[in-house]
Q: 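The following block contains the structure, expressed as structure tokens.
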Amino acid sequence: MMPGNSEFGRRVLAAVRRIPAGRVATYGDIAALAGKPRAARAVGNIMRTCGEPGVPCHRVIGAGGSLGGYGGNLQVKRELLRAEGVEVGMRRVRGFEQVRWRPTPHNRRSSVR
DNA sequence: TGGTTGACGGTGG
DNA sequence: TCCACCGCCAACC
């Protein structure tokens, strides 16, 4: 049932958990963080079955800022994002590139490169 | 073991 | 800008 049992699955959930409020990430981004940049589709599948608290699956959207899906409750997903300060249009997130979450690198020789 | 499904992504028309 | 087709992957039957 829960795909989170797999290595890939748990990594995906972990990545999604790391997304801070007010920020969003694409399925592809999560997939990349999980180690498989081409597994965006698989990530969507995992999100679909995810039912775990602490996993802000509503912060995961499609590439280009498309809302993606939310188990038929897309409206809810939209409101949730707005509540966090994310401007969401009818079909796309406004300023997507600006609210897009950037994973924090572990070691950075300089804060700014 | 094999085929189908699906909260995707990118390209082309 | 929107829609259709193809390619990728993990879960399900």
Side-chain angles (χ1 to χ4, degrees):
Chain A
M1 301 164 83
M2 269 224 307
N5 294 326
S6 297
E7 190 71 19
F8 178 70
R10 93 174 63 164
R11 267 173 113 174
V12 169
L13 295 178
V16 176
R17 239 178 255 124
R18 290 164 52 189
I19 306 174
R23 299 283 196 192
V24 295
T26 68
Y27 297 96
D29 289 345
I30 301 301
L33 290 174
K36 299 195 182 285
R38 315 288 189 196
R41 212 168 193 180
V43 171
N45 254 0
I46 294 171
M47 293 289 96
R48 189 174 79 72
T49 58
C50 97
E52 281 145 85
V55 183
C57 40
H58 64 275
R59 290 177 195 155
V60 184
I61 64 176
S66 61
L67 287 181
Y70 203 68
N73 298 319
L74 234 183
Q75 184 63 40
V76 175
K77 183 174 184 177
R78 193 178 298 130
E79 286 301 309
L80 277 156
L81 289 173
R82 283 181 184 173
E84 294 181 353
V86 180
E87 295 181 65
V88 186
M90 287 304 287
R91 297 170 71 79
R92 311 241 307 183
V93 173
R94 293 197 259 186
F96 158 63
E97 290 295 347
Q98 299 176 62
V99 295
R100 189 175 187 178
W101 172 58
R102 309 284 195 214
T104 310
H106 290 160
N107 79 17
R108 216 192 254 248
R109 307 181 203 183
S110 307
S111 298
V112 271
R113 52 165 195 99

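In what follows, chains carry the letters A, B, and so on, assigned in the order in which the sequence lines appear, proteins first and then strands, with residues in each chain numbered from 1.
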Q: Might you confirm whether atom NZ of A:K77 has over 12 heavy atoms from other residues, nucleotides or ligands at distances under 6.0 Å?
A: yes

Q: For the side-chain contact (heavy atoms from CB on, under 4.5 Å) test, which of A:V16, A:V24, A:D29, A:I46 pairs with A:V60?
A: A:V16

Q: Output all residues satisfying side chain to side chain contact (heavy atoms under 4.5 Å, CB included) with A:P20, sequence neighbours left out; order by chain, then residue number.
A: A:R23, A:W101

Q: For DNA chain B, which residues in residues 71-84 of chain A have a heavy atom at a distance below 4.0 Å?
A: A:K77

Q: Which residues pass the side chain to side chain contact (heavy atoms under 4.5 Å, CB included) test with A:A31, sequence neighbours left out?
A: A:A39, A:V43

Q: Please list every donor-acceptor pair under 3.5 Å in which a side-chain atom of residues 80-87 of chain A meets a protein atom from a residue at least two apart or in another chain.
A:
| unit_1 | atom_1 | unit_2 | atom_2 | d |
| --- | --- | --- | --- | --- |
| A:R82 | NE | A:V88 | O | 3.3 |
| A:R82 | NH1 | A:E79 | OE2 | 3.2 |
| A:R82 | NH2 | A:V88 | O | 3.0 |
| A:E84 | OE1 | A:G22 | N | 3.2 |
| A:E84 | OE1 | A:R59 | NE | 3.1 |
| A:E84 | OE2 | A:H58 | NE2 | 2.9 |
| A:E84 | OE2 | A:R59 | NE | 3.1 |
| A:E84 | OE2 | A:R59 | NH2 | 2.9 |

Q: Where along residues 30-43 of chain A does a heavy atom come under 4.0 Å from DNA chain C, residue by residue in number order?
A: A:K36, A:R38, A:A39, A:R41, A:A42

Q: Within the sub-3.5 Å range, which N or O atoms of nucleotides 1-3 of chain C have a protein N or O partner, and how far apart are they?
A:
none

Q: Can you sort out the partners of A:R41 under side-chain hydrogen bond (donor to acceptor under 3.5 Å, both in side chains), two or more places apart, ordered by chain and number?
A: none

Q: Taking all non-hydrogen atoms of both residues into account, name the closest pair between A:T26 and A:A63 and its distance.
A: CG2-CA, 4.0 Å

Q: Walk along DNA chain B from 5' to 3' and tell me the first and last nucleotide with an atom closer than 4.0 Å to a non-hydrogen atom of chain A.
A: B:dG6 to B:dG10

Q: Whole angstrom is fine here: how far is it from CD1 in A:I46 over to P in C:dA11?
A: 6 Å

Q: Taking side chain to side chain contact (heavy atoms under 4.5 Å, CB included) as the definition, give me every residue that meets it alongside A:A32, ordered by chain and number, with sequence neighbours left out.
A: A:P37

Q: What's the shortest heavy-atom distance between A:G68 and A:L74, and which atoms?
A: O-CD1, 3.7 Å

Q: Going by side-chain hydrogen bond (donor to acceptor under 3.5 Å, both in side chains), name the residues that satisfy it together with A:Q98, two or more places apart in sequence or in a different chain.
A: none

Q: Listed by chain and number, what are the side chain to side chain contact (heavy atoms under 4.5 Å, CB included) partners of A:R17, not counting sequence neighbours?
A: A:L13, A:A14, A:V55

Q: Going by side-chain heavy atoms closer than 4.5 Å, which hydrophobic residues are tied to A:M90, directly or by a chain of links?
A: none

